[in-house]
Amino acid sequence: MPHSRRNILLPSMTPGSSRSVAVHRFGKAGARPKAYLQAAVHANELPGAMALHHLMPMLAEADRRGLIKGEIVLVPTVNPIGLSQLVGNNHLGRYDFLGRDNFNRNWHDLSGAVAERVGNRIGPKASDNVALIRKAALALLAAMKPANELHTLRVEVMKLSIDADIVLDLHCDMHALLHLFISRKDWPGPARALSADLGAEATLYNDPYPAALTFSGVNGALWARLAERFPAAAIPQACLSATVEYRGQHDVNHQLGDADARNLYRYLVRRRIISGRAGKLPRLKAEATPIGGMDVGYSPGTGILVYHLAKGSRVRKGTPVCEVIDPADPRGPKARKQIIARSDGILFSRKQDGRLAWPGMVLFRIAGAKVLRHRKGMSGLDD
Ligand SMILES: [Zn+2]
């Protein structure tokens, strides 16, 4: 079946306005493996949409040539609500105005309801269980009656993703290296090749799986949660789900878009969704590190933010990363509060110089190999 496009129409929230989501499908509906890719859940994060802009013609061409053996569902910009948030000449897009929800939280954890539905039918054969669980999850989503636009968006999008073998949710940071958030369940497993093919410079795993209800979290953790509930049953980790952080918000150009699309394409070939030769796996740029080893710098107060270190710097514990300057304090250097790295590692994400900082604002993230006492039990999602 050739490439097709459809629009999901969302319910109107105000008279005279309505929004929709464009969905592209390549390959054969129902064929395996199935990959689901989306960008811009945080609607002001467009590097992933740029990668998909370059990937789509490659997939359409592969489809024409009959090379797509599985199924690829692709949503170039998944959040029209956030895309419409133009305020005072700025595009926002991270939080819902109506309920103040971060758009990448509160996706549906279906594991409890799926467990109830399939409980006594779980058997010894993993492939049967996978089919049973996917069917139950889709039936639950089909039965949901979402009340408003955002809820409808979440349900409709999960109908596209929940039965996929691979789910890639494309985001970006402010000033950052390409990095991945994954589940420990997938490492090394299928995530190692993903990290190598995409050229990730840091890969951070939730251990054992993301507890938070991010989009990538709920899709992957469905399997981990069910395996926990039925420890004697054969329930594999049937979906590799990852959040791909495509560098910084302004890292958008055709060179990067094209390279990122080629890397995604190669991974889809490697996973045999598209036929062809993936070739030798590129060298892994960084071993995965635990979320608990990620040091996060928070602003101690308000003032002018300025950095000492560029993104990608290797840091040692105790190194000052940035400072927050009280603009009203006349004492020069004494008006500057230093924020120190509390771990050795790579400074993979930071904000821009010159921003206003406020108390508790996240200033930087460092990927370190050792779990930090001050980060134990924290999810890493705090802005
Ligand atoms: Zn994001």
Side-chain angles (χ1 to χ4, degrees), residues 21 36-53 74-87 90-97 99-108 150 153-154 157-158 160-161 167-183 191 194-195 198 200-206 210-221 241-252 256-257 260 264 291 294 296-298 311 347-352 355 360-365 367 378-383:
V21 187
Y36 174 79
L37 286 80
Q38 69 173 30
V41 162
H42 291 137
N44 56 346
E45 299 177 358
L46 296 175
M50 184 63 156
L52 297 184
H53 164 74
L74 189 153
V75 180
T77 54
V78 73
N79 181 3
I81 306 168
L83 281 174
S84 73
Q85 291 179 337
L86 307 182
V87 180
N90 282 301
H91 176 212
L92 301 180
R94 189 173 182 83
Y95 300 92
D96 180 37
F97 287 161
R100 299 194 187 183
D101 241 8
N102 181 318
F103 284 118
N104 197 25
R105 309 285 184 270
N106 296 318
W107 290 80
H108 294 288
L150 178 57
L153 177 72
R154 287 185 171 143
V157 166
M158 284 188 68
L160 304 173
S161 68
V167 169
L168 300 180
D169 188 21
L170 314 184
H171 288 247
C172 73
D173 207 309
M174 303 302 278
H175 263 326
L177 306 176
L178 201 171
H179 59 282
L180 308 181
F181 291 106
I182 60 162
S183 161
L194 178 72
S195 178
L198 266 48
E201 297 188 76
T203 296
L204 296 107
Y205 59 80
N206 291 275
L213 305 182
T214 60
F215 180 75
S216 132
V218 297
N219 280 285
S241 186
T243 302
V244 181
E245 300 278 353
Y246 271 120
R247 313 177 189 85
Q249 235 171 356
H250 301 285
D251 293 323
V252 178
L256 284 174
D260 289 337
L264 285 168
I291 288 277
M294 177 176 74
V296 182
Y298 299 97
K311 70 175 180 195
L347 178 68
F348 69 92
S349 151
R350 47 158 273 193
K351 301 270 194 298
Q352 297 101 323
R355 277 190 66 156
M361 177 176 154
V362 171
L363 303 178
F364 60 81
R365 298 177 197 275
M378 294 171 81
S379 75
L381 297 171
D382 41 16
D383 61 352

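These numbers come from the heavy atoms of this one structure, side chains and all, not from hydrogens, waters or symmetry mates. Along the sequence shown, residues are numbered consecutively beginning with 1. For ligands, and for the atoms within them, numbers begin at 1 and follow the listed sequence.
Residues passing the side-chain hydrogen bond (donor to acceptor under 3.5 Å, both in side chains) test with E245, sequence neighbours excluded: none.
For the Zn ion (ligand 1), protein N, O or S atoms closer than 2.8 Å were enumerated as H42 ND1, E45 OE1, E45 OE2, H171 ND1, with waters left out.
Counting all heavy atoms, side chain and backbone alike, L180 lies closest to A200 at CG-CB, 3.8 Å.
Inspection of the N219 and Y36 side chains reveals no N or O donor paired with an N or O acceptor under 3.5 Å.
Separation of atoms OG (S349) and CG (L363) is listed at 10.0 Å; rounding is to 0.5 Å. Distance CE/M174 to CD/Q249: 5.0 Å, rounded to 0.5 Å. In this structure, CZ in F364 is found 13.0 Å from CG in D173, a value given to the nearest 0.5 Å.
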